[in-house]
Amino acid sequence: MRQLFVFFFFVSHFLLAQSTYPKNLFRSPLDVPVYLSGTFGELRSNHFHSGIDIKTQQREGLPIYAIGDGYISRIKISPWGFGKAVYITHPNGNYTSVYAHLQKLNSELQEYIKKLQYEQKSYAVEIYPEATTFKVAKGTIIAYSGNSGSSGGPHLHFEIRDSSQRPINPLHFGIAVKDKIAPTVNALFGYTFDQKSHINQSNLPIRINLNEIKPNEFQADKVIASGKIGFGINTFDRQDGTYNKNGIYRVEMKVNDIPYFSYDLEKFSFTETRYINAHIDYNFYKTNKNRIQKIFKWPKNPLSIYRLTKNDGIIVLKEGENYDIEIKITDFAGNKSVIKIPVQGKNLEIKRPTDVLITDRFLRSSIDNIYELNKASIYFPAHTFYENFYIDLKDSDSLLQIHHHKIPVHKKYQIKMDISEYPEAEKNKLFVAHISEEGDLYYESTKRKGNQLIAKTRSLGNFKIAKDTTPPVVKSFNYKEGKWLSNYRYLKIRIYDDLSGIDTFKATLNNQWILMEYDPKTKLLVYDFEDLNFKETKHYLKLIVTDNVGNNTTFTSTFYKKK
C-alpha cells in the first residue's frame with residue numbers, strides 16, 4: 001500500500017505542475033517561429049540557465065514584444081551579463097517577464113535611459129521605474145533583439161519569474177516549440193558511497209556500457225555491485241529544426257518498478273543555482289569538459305528541483321539479490337529515452353580502490369577554516385565547500401597552491417599575500433593572479449592593505465603575485481586622425497589590456513562628457529554622433545582608459561564633422 005501511495009503522489013505532483021500555469025495569458029515575445037538555442041534549466045557554468053534562448057535568425061534588430069499587459073519595473077544596462085535588459089511586471093505582480101541581450105530599447109525607453117546615462121556619466125545604469133511611468137499593453141514593442149552583454153551570438157534570452165522572482169520554465173505558459181525528438185543519451189556512470197562499496201570491482205566512478213536495443217531505449221551491460229551505489233548520466237536534448245545540444249526537462253529513476261528518485265526543471269531560485277556544482281560530477285566536468293548529472297543527491301545539496309528522493313537516490317544492495325533499475329529522461333514535449341540497468345548484488349574483490357589524498361590539514365565544511373602559511377593566509381568561511389576533505393596547501397617563494405581545481409567552491413574565500421619584500425614603488429602595481437591550467441595569468445579582484453594583497457575568489461589551484469606596469473592599448477578603429485567624418489554615424493575606438501584588465505574609461509568630446517557603449521567581446525567603445533549637437537566642425541576627442549592596477553592611457557584625437 002505504501003508503494004502505491006508513493007507512486008500516486010509522484011504522478012499527482014507531475015500532473016499538478018503541468019496544470020498550474022495559464023496557457024493563454026501571454027503571447028510570444030517575438031513574431032518569428034520559436035527555435036531554441038538554450039532551454040530552461042540547462043546546465044551552464046556554475047548555474048542553471050534561468051530562461052530560454054530564442055533564435056533570432058542569426059541577426060539583430062527584430063522587434064521584441066511585451067508578452068502581456070503590465071509595466072516596466074526594471075531596466076538594466078551593463079557591458080556584462082544580460083547586457084541591455086528590460087523587466088515587465090504583469091498585473092497583480094504574479095509574474096515578471098525578462099528580455100535580455102537587447103540591441104536597443106524602443107524610442108521612449110531609449111531616450112529616457114540615455115538621459116540618465118548622461119546625468120550619471122556612466123554607460124552602466126539600472127533603474128526601477130514606478131508602476132505608472134512606463135505602462136505597456138500586450139503586443140507593445142519594447143525593444144529590439146541583439147547580442148549585448150555576455151552573449152555568444154544574436155538571440156533573445158527570455159524569462160518568466162514568479163512573485164518571488166524565481167524563474168519558471170516559460171514553456172509552461174504555452175509558448176509553442178516544435179519537438180518530436182527524444183533526448184540523446186551519451187553515457188551512463190556508476191558511483192559508490194564508501195570504501196567498501198564497488199561497481200564491477202571498482203570503488204571509483206565507472207562508465208557502464210550501453211546498447212541501444214530499439215530507438216531511444218538502452219540496455220546497460222549487467223552490473224555486479226555491492227554496498228551503496230548510485231548512477232549518473234550524460235545527456236542532452238534537441239528540438240525540431242535545430243542542432244543545438246540543449247538541456248533535458250525531467251529525470252526519473254525506478255528500482256524494481258518502484259519510483260525511487262526524480263527531478264525536473266520546472267523552476268528554481270537564484271539563491272540555489274550555484275548548487276549545480278553539487279548536482280553534477282564536478283571532478284569529471286573539470287577533467288573532461290562534459291557534465292554528468294547525478295541521479296542522487298548529497299545531504300547538503302538543497303536544490304528544489306528534486307521531487308521524489310527515496311534515500312537521496314542512493315541504492316543499498318543486498319547480497320544475492322537482483323535489481324532492475326530504470327532511468328527515464330524526458331524533454332518538455334514528453335519525448336523520452338529509457339535506460340534499463342540489470343544489477344546483481346554480489347560482493348567481489350575491489351580492484352580499483354579510491355586513492356584518498358591524506359594531508360596534515362583536514363577541512364570541515366560546516367565551520368570557518370583559517371590557514372596561516374609562510375607568506376600567505378587563507379580564510380574559508382563555513383559552507384565554502386559541500387563536504388569535508390583533506391586540503392593540500394603549499395606556499396613557496398613564487399607560488400601559492402590551494403588544493404586543485406577539481407573541487408567545487410560554493411562561496412568566495414579570502415587570500416592574503418605578503419608583499420613586504422617588494423620595492424615600495426612597485427606595490428601599487430601588484431595583484432593576486434590565478435594561474436590557469438594552460439599557464440595564463442588571470443586577475444583576481446585585489447585590494448592592498450599595507451604590505452598585504454587581499455583577494456576574494458571562488459577558484460582553487462595555483463596563485464602568484466603578479467605585476468602590471470603596462471597601460472591599456474587604445475586605438476582608433478573606424479576612422480583616421482584629422483579626417484572628415486561627415487557621413488559617419490558612429491565613432492569606434494578599440495581598447496584592451498593584456499594583464500590586469502580594463503577597469504574604467506572616460507571620454508570627452510570638445511571637453512563635454514560623452515556616452516561610449518562598451519562591448520568587451522569586441523573590445524570596442526562606440527559613440528553615437530546623434531547624442532549631442534555641436535556648432536563646431538573641428539572636434540577634439542579625449543579618452544582615458546585605466547586598468548585594474550591604476551595604469552592608464554590617455555588617447556587624444558582630432559577629426560572634422562558637421563552636424
Side-chain angles (χ1 to χ4, degrees), residues 79-80 122 124 359-361 363 368-381 384 391-405 409 411-475 493-508 518 520 523 525 542-557:
W80 315 101
S122 173
T359 72
D360 58 355
R361 297 182 174 96
L363 183 145
D368 292 352
N369 292 267
I370 301 174
Y371 300 99
E372 298 291 343
L373 307 177
N374 181 27
K375 293 184 179 180
S377 66
I378 306 164
Y379 166 54
F380 297 109
T384 299
I391 190 166
D392 189 17
L393 304 173
K394 292 183 177 67
D395 181 16
S396 65
D397 288 339
S398 58
L399 195 69
L400 173 62
Q401 177 191 326
I402 306 178
H403 208 68
H404 58 71
H405 69 286
V409 182
K411 296 167 63 174
K412 285 188 176 182
Y413 69 94
Q414 180 177 274
I415 301 171
K416 291 183 179 180
M417 302 184 76
D418 182 77
I419 57 171
S420 58
E421 294 183 359
Y422 285 81
E424 191 64 34
E426 294 183 3
K427 290 179 180 178
N428 284 333
K429 302 301 179 184
L430 303 177
F431 64 94
V432 176
H434 181 240
I435 306 172
S436 72
E437 298 167 62
E438 296 75 28
D440 298 320
L441 298 182
Y442 288 91
Y443 173 82
E444 295 285 356
S445 183
T446 305
K447 293 182 180 180
R448 180 189 167 194
K449 188 175 181 179
N451 284 322
Q452 284 187 325
L453 295 181
I454 303 172
K456 291 186 177 181
T457 181
R458 283 193 177 108
S459 298
L460 295 179
N462 294 328
F463 298 83
K464 66 177 291 184
I465 296 171
K467 180 173 66 174
D468 183 2
T469 57
T470 304
V473 176
V474 183
K475 295 181 178 180
I493 308 290
R494 184 180 293 278
I495 64 172
Y496 58 92
D497 187 86
D498 286 337
L499 194 49
S500 64
I502 301 295
D503 182 26
T504 64
F505 58 88
K506 178 185 177 182
T508 59
Y518 180 40
K523 299 180 174 62
L525 289 173
K542 181 178 180 181
L543 173 64
I544 302 172
V545 182
T546 306
D547 67 18
N548 279 298
V549 295
N551 301 304
N552 64 73
T553 297
T554 299
F555 173 86
T556 58
S557 179

Taking side chain to side chain contact (heavy atoms under 4.5 Å, CB included) as the test, write out the residues that go with Thr554, two or more places apart.
-> Lys542, Ile544, Asn552, Thr556

Would you please name every residue forming a salt bridge (charged side-chain N to carboxylate O under 4.0 Å, His left out) with Lys427, sequence neighbours left out?
-> Glu424

Test salt bridge (charged side-chain N to carboxylate O under 4.0 Å, His left out) applied to Lys467 - qualifying residues, sequence neighbours left out = Glu426

Residues which pass salt bridge (charged side-chain N to carboxylate O under 4.0 Å, His left out) with Glu437, listed by chain and number, not counting sequence neighbours | none

For atom NZ of Lys447, is the number of surrounding heavy atoms from other residues, nucleotides or ligands below 6.0 Å larger than 12?
-> no

Hey, could you give me each pair passing salt bridge (charged side-chain N to carboxylate O under 4.0 Å, His left out) that has a residue in residues 498-507? Not counting sequence neighbours.
-> none

For His405, ring-ring contact (aromatic ring centres under 6.0 Å, His included) partners two or more places apart | none

Can you list the residues that meet the side chain to side chain contact (heavy atoms under 4.5 Å, CB included) rule with Tyr379, with sequence neighbours excluded?
-> Asp368, Ile370, Pro381, Gln414

Please list, chain by chain and in numerical order, all residues satisfying side chain to side chain donor-acceptor pair (under 3.5 Å) with Asp418, sequence neighbours excluded.
-> Ser420

Residues at least two apart in sequence or cross-chain that pass ring-ring contact (aromatic ring centres under 6.0 Å, His included) with Tyr443, listed by chain then number, are Phe431

By side chain to side chain donor-acceptor pair (under 3.5 Å), which residues pair with Thr457, not counting sequence neighbours?
-> Glu444

Taking only residues two or more places apart in sequence or in another chain, which ones pass side chain to side chain contact (heavy atoms under 4.5 Å, CB included) with Lys394?
-> Asp392, Gln401

Sequence neighbours left out, what passes side chain to side chain contact (heavy atoms under 4.5 Å, CB included) with Ser398? Give chain and number order.
-> Ser396

